[in-house]
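Take a look at the structure set out below.
Note: hydrogens, waters and symmetry copies are ignored here, and every other heavy atom, side chains too, is used. Each chain gets a letter, A, B and so on, in the order the sequences are listed, and its residues count up from 1. Bear in mind that the values here come from a model prediction, so they are computed numbers and not experimental data.
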There are 2 protein chains.
Amino acid sequence: MTVRREPMSRRERPAKPALSRPGIVDTAVRIMRAEGLDKVTMRRLAQELDTGPASLYVYVSNTAELHAAVLDALLGEVDLAAEGGEENWREQLMAVLTSYTMVLFQHPQLARSALVARPSGENYLRLLNRILDLLSRSGAAVEQVAWGVDKLLQTATATAAEHSARKGDPAAQEDWDALTGVLHSVDENTHPAVRAHMPALIGGAGERLRWGFEVLINGITSTPVPRGDS
Amino acid sequence: MTVRREPMSRRERPAKPALSRPGIVDTAVRIMRAEGLDKVTMRRLAQELDTGPASLYVYVSNTAELHAAVLDALLGEVDLAAEGGEENWREQLMAVLTSYTMVLFQHPQLARSALVARPSGENYLRLLNRILDLLSRSGAAVEQVAWGVDKLLQTATATAAEHSARKGDPAAQEDWDALTGVLHSVDENTHPAVRAHMPALIGGAGERLRWGFEVLINGITSTPVPRGDS
DNA sequence: ACCTGAACACCGTTCAAGT
DNA sequence: ACCTGAACACCGTTCAAGT
């Protein structure tokens, strides 16, 4: 009788699996997809893994590092192959950047943390390598390409982070509304330039991303790095 | 005797001043300067003002809005006058952008929050107006100027936010070290482009900011907005 | 209208102790 | 080496009650 009880309870609580870094990161990703990044806390994660928060510190040194690991996992979704002929580096570059941005758009809170805690994972490295390769086909100097890639990734990340204002967050739509409201009713005499640029200042949501990348690519390939730097 | 007691105790606790939004924001700024933005919490602020956290919600609707108010207060320090002759819009623009970036560099955590919660305060508006005015002297189309200013402010803000990795934060230096470490020891066969751009990928801290602005200005003034957009 | 005490529902991280 | 319970030192926000 006691013989039977043992397997039963195993089936009910399906053999709590041993902790491991991959397992922890997987669970973190699952929580994020289901409920957003701010639910990915040490305590919540521990609960999900049927243990105490202290146990996680064997595999992860703090919350920031955990979020970085989640980001790198997500970066696996970026499409590096991208359509467009081998010779058309510009279109390919645009496609990869767009793919990266779209992945981050899905989780703007991650983009936010990516700006601060520089990622250095496997998937990030692959992405970096790919973009460097594409941009270097422009024929620009090595320094321009190196610094330029940084700028491209920065815009993409920052744009996605800003996006958390529109989506996700509850009170963040209000910020946007507040800004557009203020811009619409700005005083002609004190802020003439704002007035003069007014419809454009707010509009063009969709085209802005692509235009932003084009601006950067044009600027990067035509602006030499100050001499004497490596 | 009781007559004397009253003024005494007034002198010891110097007449708790009435709460007000400006007073709250001032205190918040003071705490930030002294101990950093993450000490600027509702609870801590209430303690400083000798009241309970609930009382603050009469003047401030949440923590994000509080931080936005602190940011706008700080933006008052940006030097909009900037040296350089009236005719040299490029140098003036560069000076204003640099001043803005420097102010944010002092408080990178604020820059971080500025990316998400779009500011719309008085000082932000002044800055926006000034940069629009300067950039419009390039002769570029209105749409390019409007979208371009957004890009310029975005880079400045994002660069400052990234800066929180190097300064301030304790474990964030580690991220940077981790990244440079990984980049230095990357495999030639799997990531040839990273290898090829290696010294430049990491170096050039100081010149990068100016180069970044130049790239944008060049790109903005030479890249037309897709037609049909305002 | 403004202010408050108290509560609800959480956090990250550490550390001594166990296995 | 890995895991845990318990504690320390905090959070934001709400709400009924008071002035």
Please give, in whole Å, the distance from D:dG12 P to B:Leu66 CG? 9 Å
Applied to residues 181-200 of chain A, the salt bridge (charged side-chain N to carboxylate O under 4.0 Å, His left out) test, sequence neighbours excluded, yields none
Could you check how far CZ of A:Arg21 sits from C1' of D:dC2, rounded to whole Å? 16 Å
Side chain to side chain donor-acceptor pair (under 3.5 Å) filter on B:Asp133, not counting sequence neighbours, yields B:Arg137
Report, as a single string ordered 5' to 3', how protein heavy atoms within less than 4.0 Å touch nucleotides 13-19 of chain D: B base, S sugar-phosphate only, - not at all. BBB----
Tell me, which pairs form a ring-ring contact (aromatic ring centres under 6.0 Å, His included) where one or both residues lie in residues 34-68 of chain B, sequence neighbours left out? none
Name the closest nucleotide to the A:Thr51 side chain, picking from C:dC2, C:dC11, D:dT4. D:dT4
Which dot-bracket notation, 5' to 3', represents the base pairing of DNA chain D when pairs are defined as Watson-Crick or G-U with both distances under 3.5 Å, crossing pairs as [ ], and inter-strand pairs as |? ||.|||||...|||||.||
Rounded off to whole Å, could you give me the NZ-to-P distance for the A:Lys39 and C:dG12 pair? 13 Å
Excluding sequence neighbours, so at least two apart, what forms side chain to side chain donor-acceptor pair (under 3.5 Å) with A:Thr155? none
Starting at CG of B:Leu56 and ending at P of D:dG12, how long is that distance when rounded to a whole Å? 10 Å
Let me know the distance between CG of B:Leu45 and C1' of D:dC11, rounded to the nearest Å. 14 Å
Considering only atom P, compute the distance from C:dA9 to D:dC10 and round it to an integer number of Å. 23 Å
Calculate the interatomic distance between B:Tyr59 atom OH and C:dA1 atom P; express it in whole Å. 13 Å
Strictly by salt bridge (charged side-chain N to carboxylate O under 4.0 Å, His left out), give each pair with a member in residues 94-103 of chain B just once, sequence neighbours left out. none
Please lay out, stage by stage, how A:Glu162 and A:Arg208 fare under the test salt bridge (Lys or Arg N to Asp or Glu O under 4.0 Å). CA-CA 13 Å; A:Glu162 281 180 348; A:Arg208 260 164 121 127; over 6 Å; no
Who are the side-chain contact (heavy atoms from CB on, under 4.5 Å) partners of A:Thr101, not counting sequence neighbours? A:Phe105, A:Ala156, A:Leu209, A:Phe213
Is it true that B:Arg126 and B:Asp72 have a side-chain N and a carboxylate O under 4.0 angstrom from each other? no
Nearest-angstrom distance from the residue atom CD of A:Glu65 to P of C:dG12: 14 Å
Partner set under side chain to side chain donor-acceptor pair (under 3.5 Å) for A:Arg21, not counting sequence neighbours: A:Glu65
For atom CD of B:Gln47 and atom C1' of D:dC11, their distance in whole Å: 13 Å
